[in-house]
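Working notes for the structure below.
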Amino acid sequence: MRIAIVGGTGTLGRLVVEEARVRGHQVRVLCRRSPEYPVDLRTGRGLADALDGVDVVVDAANDPSRRPGATLVEGTRLLLAAEVACRVRHHVAVSVVGAERLPGAYTRAKTEQERTVANSPVPWTVVRATQFHELLVTGFRALARTRLMPLPGVPLRPVAAAEVAPVVVEAAERAPRGERLAVVGPEVADLRRLAAAWREATGSRALPLTVPLPGAMGRALRAGAATGDEAMGAAGSTGSTGGGAPVVGVAAFAEWLRGVRV
């Protein structure tokens, strides 16, 4: 199978590339700096050539900027239009568990991205995941540079990106059924507990500081929007046919930290 992976150099994308190649697929890595298939989702540049002859597109692109919709929504529209023109048979989008319950700009963009995919003529699958272990580490490192780690008491259920990648590739291999699948971590843990595990693993002397998280975001997180529990029932509200029980990862955050360089 010929698979194009948009964002194939990112935290998850590169692992999806590796997994797809191990399984014997022909893989095209699409990103702005790709030597073979450079594309720009904000303008659509390069998409027609990159998708010519492709069977499946996996969209693992990300946009952490203040205007994520430019890539995640408008870029998805351009991508899907190119897929229609190139007769791509299956679009697999990577999204966030609980996105529709979280009020931030990024999660709003992810929710709209899912709607865009579901309303496209291209047959589709959405794979949602909880927070990646890797992204927690990035956030903890940034906080620790100030010698203080202000953290709210909110529950998360992080998962290793390496455990999400096989689910994404398996979804790409199957016939599209217009469903949303989910991948979650093996345990629900307070963010402060996760940070404590990171400090222990790294020897960081940054001082933890418990702070409140007010407003709609705080309420949503405290209600478990990011843990994959209630959110899985809510996923069907955006038009999915459902994907059954979530796939549960094996490596809890503290255990995962012992096996990587942090």
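The structure presented is a predicted model; accordingly, all values stated were derived computationally and were not measured.
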Side-chain donor-acceptor pair under 3.5 Å between [X] and [Y], yes or no?
X	Y	value
Glu100	Thr111	no
Glu134	Thr11	no
Arg42	Thr71	yes
Thr125	His90	yes

As an exercise, state the distance from [atom1] of [X] to [atom2] of [Y], rounded to the nearest 0.5 Å.
X	Y	atom1	atom2	result
Leu72	Asn62	CG	CG	6.5 Å
Glu83	Leu51	CD	CG	6.0 Å
His25	Arg21	NE2	CZ	12.5 Å
Gln113	Tyr106	CD	OH	7.5 Å
Arg199	Phe140	CZ	CZ	9.0 Å
Asp190	Leu156	CG	CG	8.0 Å

Salt bridge present between [X] and [Y] (N-O < 4.0 angstrom):
X	Y	value
Arg193	Glu187	yes
Arg115	Glu112	yes
Arg89	Asp55	yes

message: One pair to check against side chain to side chain contact (heavy atoms under 4.5 Å, CB included): Leu257 and Trp198. What are the steps and the verdict?
response: CA-CA 7 Å; Leu257 284 171; Trp198 178 82; 4.2 Å; yes
query: Taking it one step at a time, do Val137 and Phe253 satisfy side chain to side chain contact (heavy atoms under 4.5 Å, CB included)?
result: CA-CA 10 Å; Val137 167; Phe253 184 63; 4.1 Å; yes
Non-hydrogen atoms of [X] and [Y] that approach each other most closely:
X	Y	result
Ala254	Ala197	CB-CB, 4.1 Å
Gly44	Leu78	N-CD1, 3.6 Å
Ala48	Cys86	O-SG, 3.7 Å
Glu255	Val250	OE1-O, 3.9 Å
Thr130	Ala226	CG2-O, 3.7 Å

Name the atoms and distances for all side-chain donor-acceptor pairs under 3.5 Å in residues 204-213, with sequence neighbours left out.
| from | atom 1 | to | atom 2 | distance (Å) |
| --- | --- | --- | --- | --- |
| Ser204 | OG | Ala206 | N | 3.2 |

Give a yes or no on whether [X] and [Y] share a hydrophobic cluster (residues Ile, Leu, Val, Met, Phe, Trp, Tyr; joining criterion: side-chain heavy atoms under 4.5 Å apart).
X	Y	answer
Leu80	Leu30	no
Val88	Leu79	yes
Met149	Leu136	yes
Val73	Val57	no
Leu12	Val96	no

message: Under the criterion side chain to side chain contact (heavy atoms under 4.5 Å, CB included), I'd like the reasoning laid out for Val247 against Leu181: C-alpha separation, chi angles, the key distance, then a yes or no.
response: CA-CA 8 Å; Val247 175; Leu181 311 174; over 6 Å; no
task: Check the pair His133 / Trp256 against ring-ring contact (aromatic ring centres under 6.0 Å, His included), numbers first and verdict last.
output: CA-CA 8 Å; His133 292 338; Trp256 176 84; 5.1 Å; yes
field: salt bridge (charged side-chain N to carboxylate O under 4.0 Å, His left out) assessment of Glu170 paired with Arg23
entry: CA-CA 10 Å; Glu170 287 164 11; Arg23 294 172 181 239; 3.1 Å; yes
task: Give a yes or no on whether the backbone of Ala50 and the side-chain of Arg28 come within a donor-acceptor separation of less than 3.5 Å.
output: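 Confirmed, Arg28 side chain pairs with Ala50 backbone.
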task: Check step by step if salt bridge (charged side-chain N to carboxylate O under 4.0 Å, His left out) holds for Glu74 and Arg77.
output: CA-CA 5 Å; Glu74 298 305 323; Arg77 291 191 178 110; 2.6 Å; yes
message: The test is side chain to side chain contact (heavy atoms under 4.5 Å, CB included); show your working for Val94 and Val168 and say whether it passes.
response: CA-CA 8 Å; Val94 176; Val168 172; 4.2 Å; yes
